[in-house]
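This is a predicted model, so every value here is computed, not measured. Basis for what follows: all heavy atoms, side chains included, without hydrogens, waters or symmetry-related copies. Counting begins at 1 with the first residue of the sequence.
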Amino acid sequence: MNELGKMLVVIGLVIAVVGALLWTGVGKGWLGRLPGDIHYTRNNFTFHFPLVTCLLLSLLLSLVLWLFRK
């Protein structure tokens, strides 16, 4: 149970840091607008799916969790 508590604290701190960075506007210009993100507009319909942004965040989160597991 001790390991679970440590992991929850680390995940909470990571979420707080990412939230603070986004709140200050660090990723405002490029986050969600990377090459490969899908953006489709036609008449009164707009579809946006940040595919590359999701992959990048997944890779980063997997790396952080892998490092904390060691």
Side-chain angles (χ1 to χ4, degrees):
M1 214 42 147
N2 194 14
E3 294 297 319
L4 178 63
K6 288 180 185 177
M7 182 65 95
L8 287 174
V9 168
V10 168
I11 290 172
L13 289 173
V14 168
I15 289 173
V17 167
V18 169
L21 287 174
L22 291 175
W23 187 24
T24 60
V26 170
K28 189 176 183 181
W30 56 271
L31 192 61
R33 300 175 195 268
L34 294 173
D37 288 346
I38 299 169
H39 185 78
Y40 178 75
T41 303
R42 173 174 267 176
N43 297 334
N44 62 348
F45 176 76
T46 300
F47 177 76
H48 181 73
F49 185 73
L51 180 65
V52 175
T53 303
C54 289
L55 290 173
L56 184 65
L57 290 176
S58 175
L59 180 69
L60 183 67
L61 185 61
S62 295
L63 179 66
V64 167
L65 290 176
W66 179 77
L67 287 174
F68 279 110
R69 231 174 248 230
K70 293 286 178 173

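Results of the side chain to side chain contact (heavy atoms under 4.5 Å, CB included) test with Leu13 over Val9, Ile15, Ile11 single out Val9 as the only residue that passes.
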N/O donor-acceptor pairs under 3.5 Å from side chains in residues 50-57, not counting sequence neighbours:
unit_1 : atom_1 : unit_2 : atom_2 : d
Thr53  : OG1    : Gly32  : N      : 3.3
Thr53  : OG1    : Asp37  : OD2    : 2.9

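Side-chain atoms of His48 and Thr46 include no donor-acceptor pair closer than 3.5 Å.
Between Tyr40 and Phe45, some side-chain heavy-atom pair lies under the 4.5 Å cut-off.
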